[in-house]
Structures are given as C-alpha cells and as structure tokens.
**Q** 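Could you have a look at this structure, given as structure tokens, before my questions?
What you see below is based on every heavy atom in this structure, not just the backbone, and it leaves out hydrogens, waters and symmetry mates.
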Amino acid sequence: MDQPIATSLLPPRFAAWFQGRGWQVHDHQLAVLRAVEAGRSVLLIAPTGGGKTLAGFLPSLVELADADPKEKRTGIHTLYISPLKALTVDVARNLETPIAEMGLPIESETRTGDTPQNRRQRQRKHPPHILLTTPESLALLLSYSEAPDYFASLKTVIIDELYAIADTKRGQLLTLGLARLARLAPQCRFLGLSATVAAPERVAQHLNYGARPLDIIRGRDGAQPEIGIMIPDAHVPWSGRMALHAVPAIYEEIKRHKTTLVFVNTRAQAELVFQGLWRLNDDNLAIGLHHGSLAVEQRRKIEAAMARGALRAVVATSSLDLGIDWGDIDLVIQVGAPKGASRLLQRIGRANHRLDEPSRALLVPANRFEVLECKAAIEAALEKDLDEYPPRPYCLDVLAQHILCLACAGSVNPDALYLEVTTAASYASLPREEFDRVFAFVRDGGYALKAYDRWKRLRQMPDGGWRAANMTVVRQYRMNVGTIVESPMLKVRLGRGQALGEVEEWFVQGLLPGDTFMFAGRLLRFEGIREMSVVCSLAKSGEPKVPVYGGGRLPLTTDLAERVRAILEDRRQQRDLPDDVQEWLRLQRWRSVLPTRSRLLIESFPRGNKEFLVAYCFEGRIAHQTLGMLLTRRMERAGLKPLGFVATDYVLATWALGAPTQEQVERLFAEDMLGDDLEEWLEDSSMLRRSFRNVAVIAGLIERRHPGEEKSRRQITFNADLIYDVLRKHEPDHILLHATRQDAAWNLADVQRLGDFLKRVQGRIDVRRLDRVTPLAVPVLVTLGSTEVGNEAMDALLEEAAADLIEEATSGEPGQEAML
DNA sequence: GACCTGCTGCGGTATG
C-alpha cells in the first residue's frame with residue numbers, strides 16, 4: 001500500500017495509526033517531533049483545528065511507546081499545563097484514543113483542584129507518565145519536599161494557550177515555576193502551544209531556559225474567514241450598546257445555520273440577548289447561555305450539550321473564548337463591536353475547524369460609531385494586524401509567593417535562587433537588591449513588620465539556606481496559592497444608614513469625595529470608603545458628575561482607534577457604509593466638520609443652560625475617563641465651573657457653566673496635565689489602597705483562606721487597610737508598597753496612551769464654536785439623559801430621548817462655522 | 001477597569 005511520504009517519517013506504529021484514521025500527518029506536527037527529538041524547545045503557532053494538541057504530545061507518545069510498563073518510576077515524563085481545568089480533562093480524554101488504539105503502555109492523569117485527595121496522594125507516590133495540570137497546581141507540586149525526585153526525570157513540558165497567560169501575574173508565576181523545572185530537570189524541553197500572536201518572539205522567550213535552542217514553528221494558516229456586518233432593516237440606532245434591535249435578525253441566522261456561537265461583551269448583555277432570543281423562539285430551538293455568573297454545573301451542562309451537538313446556539317461572554325474545540329459551529333456572531341482584532345480572530349476561530357473551509361462570522365454594531373469600528377476590526381482581522389501590548393514588568397508580589405513555595409519544598413539558597421529566577425524572561429532584569437528585599441520580606445516581613453511573629457516565615461537551616469519556619473507556614477502557603485484575587489463588591493450606604501445596594505469596587509476607585517453619581521434612583525454625593533462600604537450623602541438636585549453604567553465597555557485598542565479615524569478622514573472608505581451612517585456623517589460635515597487623524601477636533605456649544613465641550617480623542621474609554629477627571633479639575637481652576645463629564649471610547653464630553661476660549665482650551669489640554677494633577681489624583685483616590693490589597697494577598701501578607709474558614713472579603717480589606725497605613729507611616733519604602741505603585745502604574749497603562757495623545761495634539765487643536773449640538777455629538781449626549789443603563793428598556797428609551805437631540809442636530813441652518 | 005481563569009494535606013477517627 002502506498003504510504004504518504006510525510007506519514008512514513010513516523011514510527012511504523014504511528015504511521016499505521018494515522019493511516020487507519022485516514023489522516024495525513026501535518027508538516028508542523030512532524031516539525032515539532034523532529035525539533036523535540038533533537039532536544040530543542042519549541043513554540044508552535046497554529047490555528048485551531050490544525051491538530052495542535054496532538055503535535056504537542058506526539059514527541060512524548062513516540063518516546064514513551066517503548067516504555068517498560070513494569071518499570072518503577074518516581075517521576076513523570078511529560079507535564080502538560082493549561083489555563084483551564086476543563087481543558088486538562090478534555091485533553092486527557094483526547095489522549096486516551098491514540099494511547100488505546102495503538103496499545104501504548106502510557107499512563108496519563110489530570111491533577112487539579114478537582115482531583116480527589118486519595119488520587120493526589122497516589123500520584124505523589126506513583127506518578128503517571130503524563131500529568132495534565134494548571135499553573136496553580138504546578139506551584140503546589142513544586143512546594144512538596146519530593147519535588148526534586150518527582151521532576152528529575154522530566155523530559156517535556158507542554159504549555160497550552162501560552163499567549164493567553166504570557167503577560168499576566170498568573171503567567172509570571174508559571175514562568176517562575178518553569179525556571180524551577182528547568183533547574184530540577186536540565187534535560188527538559190519546553191513546548192508552547194499558541195494561537196496567532198503579534199509578537200511570537202516575545203511569547204517564545206517564556207520557553208527559553210538554559211542554553212537550549214528554541215524554534216518557532218508555524219502551522220499552515222486556515223482559509224481566510226468570511227466576515228460580514230449585520231444591519232437589520234438597513235437601520236442603525238444612534239446610540240445604545242445592547243444591540244437588542246438585532247435580536248430578530250440574529251434569531252433568523254440561528255435558524256438558517258446548524259450551530260451558532262453568539263458572543264457578547266458583558267454578562268448583562270448575554271442575559272438580555274438570550275432572553276430576547278427565547279421570547280422569539282416559536283420553533284423551540286435549543287439555545288443555551290454561558291457566562292461567569294452562572295453556576296458551574298449549569299455551564300458544564302451547556303458545554304456537554306454543545307459537545308453532543310444538541311444545541312443550535314449558545315450566547316456567551318469570553319467564558320467560551322478558550323477551551324474545548326467544537327467542530328460543528330458554522331457561524332459566529334459577535335454582538336457589539338469586538339474592540340480589538342485579536343479578540344475578533346480568536347472568537348471567529350471557534351467556528352468550523354476544518355482548515356480549508358472559511359469560518360463564517362457576522363458582526364452586529366449596536367450604534368453608528370460601532371459600525372465604523374466593526375469595519376475597522378474586519379479590515380484589521382483580514383490583514384492579520386493583531387493587537388500588540390507592551391510586556392508586563394516583573395511583579396514582586398508574585399516573586400514573594402514563589403520564594404515561599406520553594407521554601408516549603410526545602411532549603412533555599414538566595415544566591416542560587418536569584419540566578420534561577422532571572423532565567424525567567426519576565427524577571428531577567430530584576431536587580432539583586434530588589435530580589436534581596438523581597439526575600440527579606442518573605443523571611444520576616446521587613447523592617448516595620450519584623451516585630452510580629454506571624455510574618456517570620458523562614459528559618460535558617462544548618463546548610464545556610466532558608467526554609468519554611470513551620471508546618472503552619474506551609475499550610476498557609478498551600479491554602480493561598482495562586483495570583484487570582486477576587487474583586488469585591490462594595491455596599492453603598494447613606495451615611496451610617498442601611499445599604500442601598502452594591503457596586504463594583506472599580507467604579508469607586510476613581511471617585512473623589514464630593515463627586516456625585518446616580519445609584520438606586522437617587523443622586524448621591526461620594527463621601528469616602530469605610531471598610532467595605534461606600535459612604536454617601538444625598539446630593540442636591542442636578543446632574544451626576546460621573547454617570548454609572550451597568551457593566552462597562554472594553555476599551556478600544558489603539559490600532560482600531562487609528563483605523564476608525566482613518567475611515568472618518570477618507571470619504572472613499574465611507575462609501576460602503578450603511579446609508580444611515582453615511583447620512584449621519586454627511587450631516588456632521590454640513591453642521592460642523594469630521595475629525596481628522598492629525599488634529600484634535602473640539603466642539604463647543606450651548607444646550608439648556610449649560611456649555612458643552614466635546615473632544616473627539618478616540619483614545620478609549622479608560623483614557624477618556626482619566627482625562628475627564630483631570631480636565632474638570634483644571635476647568636475648576638480656570639473658573640469655568642464644570643458640572644460633569646462623560647467618556648465613551650470615542651469622545652470625552654464635559655459640561656460647565658462657562659465656555660472656554662480657544663486659548664483656554666489649549667491651556668486645558670497642555671501636556672503637563674499628567675504631572676502634579678495626576679499624582680494628586682492618585683493619592684486622593686483609593687486606587688493605591690486597593691492595589692495594595694491585591695499585592696498583599698498574592699505576596700502572602702494576608703490570608704484569603706484559613707483552615708476551616710474562608711476569610712470574608714471584609715476581613716481581608718480591613719486587614720489590608722490597617723497594614724497599608726502602618727507601612728505608609730513607618731516604612732514608606734517597604735517592598736510591597738513599591739510593588740503596589742508598580743501595579744497601579746501598570747493598571748493605569750492608558751495614562752501612557754494619554755501622554756502620547758497630549759503630545760501629539762499640542763498646537764493642533766481645532767475648536768469649533770457652534771450654536772447647537774452636532775450629529776456626531778448626539779450619541780454621547782443621549783447617554784447623559786440616562787443614568788442607569790443595563791435594563792432592557794434602556795436602548796429603546798435612549799432612542800426616544802435621542803429624538804429631540806437628533807432633530808436639533810439635523811434641522812435648520814448649517815452651524816456657525818466661525819472658529820473661535 | 002470589560003471578561004475570564006484556580007484553589008491544603010495531615011493526622012485523627014469511623015467504617016467496610
């Protein structure tokens with residue numbers, strides 16, 4: 001029988017198996033096999049559906065095919081790490097097939113938090129050849145005293161979905177673990193599996209240990225996806241975000257296709273779209289819902305039904321971005337703009353895993369701005385122009401946790417450990433001095449906390465190294481392992497009275513005492529945070545300074561923003577836009593002008609008895625939010641009496657009693673805005689305090705869980721606040737405060753973006769003085785009338801509220817074009 | 001910041 005050339009390069013048993021399945025071995029699978037056989041580490045970049053996981057395991061299966069089943073082992077051969085528990089289970093199941101069908105003498109098992117006690121015990125004494133686990137469970141394995149034995153014979157580590165964790169604290173903890181493995185098992189090769197990324201070399205660095213050569217291997221690209229924009233009834237709403245107008249059209253698409261995956265951006269939106277579909281569901285189609293607030297059992301049920309092919313559609317948040325591949329999805333619908341090209345491609349890639357057939361996807365813009373954004377996202381996706389993020393600097397809280405981990409396993413020598421830690425790419429530039437300060441913190445808490453016994457966590461061994469002081473410390477470490485810290489909800493209270501409800505912590509972070517916002521139907525004045533409560537007073541009537549939006553929006557990526565600006569500037573690019581949108585832009589040109597790429601357009605007009613200022617910055621909501629905080633402070637000082645602001649991904653709008661002159665505007669937007677003003681704001685807001693809590697939990701200063709009890713979030717916050725105040729007072733340069741400031745700076749990454757923006761627009765600001773609201777400003781002003789978005793009638797209400805604004809913006813004489 | 005993601009081991013006693 002003729003054997004395909006490529007397949008004949010496999011060992012006979014494997015070649016026969018491939019043939020029996022009617023498969024041809026892929027080039028990249030063979031390339032990975034050869035590279036790993038030659039002792040090289042590998043980053044494999046391939047789209048889903050290309051047999052990526054099998055490629056990862058092939059070298060191990062081939063090596064282990066001749067293993068002696070009776071051989072007494074103390075360690076494992078291959079370690080597989082995935083960011084999801086569910087994925088380890090799925091991959092284990094998929095591994096069973098080749099192992100069983102070829103009759104290979106290979107044991108493979110999962111090890112996660114779900115693994116029963118007795119099995120974990122057995123695994124420690126009798127390790128399987130292949131162990132599938134998570135980053136957290138790997139950390140636990142490394143904290144056992146038998147870890148050196150357990151990993152001494154390790155040959156291969158496979159890290160799945162590497163790109164998804166590369167630049168997170170979770171990923172940093174993992175890479176520190178990998179650095180440890182490389183030291184325990186110098187012969188070990190590292191094999192990363194990844195979707196397409198903008199900077200493969202940077203992702204590959206996380207696999208780079210010792211002098212082992214590293215290859216980047218690329219699988220063949222799948223067929224170019226077919227992506228369309230859905231405009232039901234040729235109508236696009238002026239504003240709103242839920243896109244409920246499109247639910248009937250989405251329902252029709254579901255009916256027309258075999259299986260549809262409907263992605264949305266927030267949980268609230270998932271609920272609304274799901275309900276909307278269900279109401280229309282006269283055909284009784286099996287439609288499911290999947291997001292993070294649903295009970296785990298509920299989600300597993302949906303996933304299982306999906307795997308069986310029993311569902312026609314699932315409405316999901318990013319809870320289904322990663323995970324099990326379902327072969328039968330023939331349509332992906334993205335409701336609302338995708339906000340970034342990488343996310344869009346990832347989601348489209350969830351459909352149709354036959355490489356040669358194009359994936360089909362539809363984008364559903366919720367409003368007119370989103371049409372521009374969807375168009376930009378499609379262009380970027382087709383050009384494979386992926387989002388690139390700056391690498392995250394090393395996190396010292398993660399390092400502290402890792403040091404404690406190793407001290408649980410055995411005696412730790414700081415000199416050797418420093419060398420080991422700096423082999424991890426994220427920590428390569430860590431100065432010895434900072435390492436020593438972190439080490440000292442793990443040892444005894446550092447100068448200000450030295451007096452307390454509970455933070456003396458290491459004791460010196462006869463060999464000079466350091467080890468966990470006692471079993472309590474070890475248990476504390478194991479119970480608090482990991483970098484994922486839950487973000488608490490805060491109760492909103494009127495004075496000392498009863499709670500009005502709960503609000504997410506992040507919303508309060510940016511507030512300053514005196515700021516007003518709408519909550520539970522009342523206008524509240526923010527007074528401060530006491531323990532877990534947002535203390536407020538009733539505000540005098542007026543409009544809220546900071547509107548509350550139920551569920552936020554993803555910030556627009558820089559790249560997409562740039563593309564949106566390009567579309568606005570170039571008339572030819574506007575020709576294939578829906579008529580609604582073209583008309584909207586035409587009216588804007590007539591009334592005012594369209595923003596351009598090289599200049600900042602600011603419109604100024606009166607409405608009611610207020611003066612509005614609308615800046616078309618296109619820097620994303622987070623950056624605009626910060627800009628709004630800083631700008632209104634400056635307006636205050638300039639005597640303009642600002643009343644409030646609202647930020648969207650595209651514009652920042654402020655309203656005040658006074659209108660600034662052109663000269664004043666230039667001064668308001670001066671570059672020095674990010675200096676003292678920002679510092680002052682940071683100190684005043686509770687941002688640093690909150691960051692400290694996360695850092696303190698990860699670094700092990702505060703326990704999350706304790707034998708027999710789960711610490712309440714209230715206790716955690718209370719303790720963190722207490723220690724924060726002590727440290728600020730007695731040891732302001734404590735290493736954890738240092739880590740806190742680094743964290744805050746990273747979380748304010750958009751400040752960098754803001755800085756670039758301010759620099760770019762200096763001397764290039766066009767202020768248009770107009771007599772009324774302009775068409776482009778309508779969407780953002782519409783949202784002002786509403787204070788509590790999120791319920792389902794809201795989009796309709798918005799549209800209604802828009803009516804008179806639209807009338808005002810689009811009727812009468814052309815606007816006054818006089819420049820100020 | 002949207003949205004996600006994960007998570008003792010021991011020494012004791014009772015039971016089959």
**Q** From the options B:dT5, B:dG6, B:dT8, select the nucleotide whose nearest atom is closest to the side chain of A:Arg704.
**A** B:dG6
**Q** Examine B:dT5: is either OP1 or OP2 under 4.0 Å from a nitrogen or oxygen in the side chain of A:Arg299? Give yes or no.
**A** yes
**Q** Report which part of the nucleic acid A:Leu84 touches: base, sugar-phosphate, or nothing (heavy-atom distance under 4.0 Å, all strands).
**A** sugar-phosphate
**Q** Nearest whole Å is fine: how far is B:dG1 P from A:Gln625 CD?
**A** 14 Å
**Q** Establish, with yes or no, whether the OP1 or OP2 oxygen of B:dC4 is under 4.0 angstrom from a side-chain nitrogen or oxygen of A:Arg347.
**A** no
**Q** Shortest non-hydrogen contact from A:Val564 to A:Glu373?
**A** CG2-CA, 3.8 Å
**Q** Looking only at the side chain of A:Thr317 (C-beta and beyond, no hydrogens), which of the listed nucleotides B:dC4, B:dG6, B:dT8 gets closest?
**A** B:dC4
**Q** Side chain of A:Lys85, heavy atoms from C-beta onward: which of B:dA2, B:dC7, B:dC10 has the nearest atom to it?
**A** B:dC7
**Q** Determine, for A:Arg170 against A:Glu136, whether the closest basic-nitrogen to carboxylate-oxygen distance falls under 4.0 angstrom.
**A** yes
**Q** Can you list, in residue-number order, the parts of residues 169-181 of chain A that come under 4.0 Å of DNA chain B, counting heavy atoms only?
**A** A:Arg170
**Q** Would you please say whether a donor-acceptor pair under 3.5 Å links the side chains of A:His291 and A:Glu271?
**A** yes
**Q** Heavy atoms from C-beta onward define the side chain here; which of B:dT8, B:dC10, B:dG6 lies closest to that of A:Ile484?
**A** B:dG6
**Q** Measure from CE on A:Met242 to P on B:dA2 and round the result to the nearest Å.
**A** 14 Å
**Q** Should A:Ser137 be listed as having a side-chain N or O under 4.0 Å from OP1 or OP2 of B:dG6?
**A** no
**Q** Out of B:dA2, B:dG9, B:dG6, which has the shortest distance to the side chain of A:Arg124?
**A** B:dG9
**Q** Let me know the distance between CH2 of A:Trp746 and P of B:dG1, rounded to the nearest Å.
**A** 12 Å
**Q** Quick one: do A:Glu109 and A:Arg122 make a salt bridge, cutoff under 4.0 Å?
**A** yes
**Q** Start at the 5' end of DNA chain B and walk down; is the nucleotide closest to A:Ser319 or to A:Gln476 reached first?
**A** A:Ser319
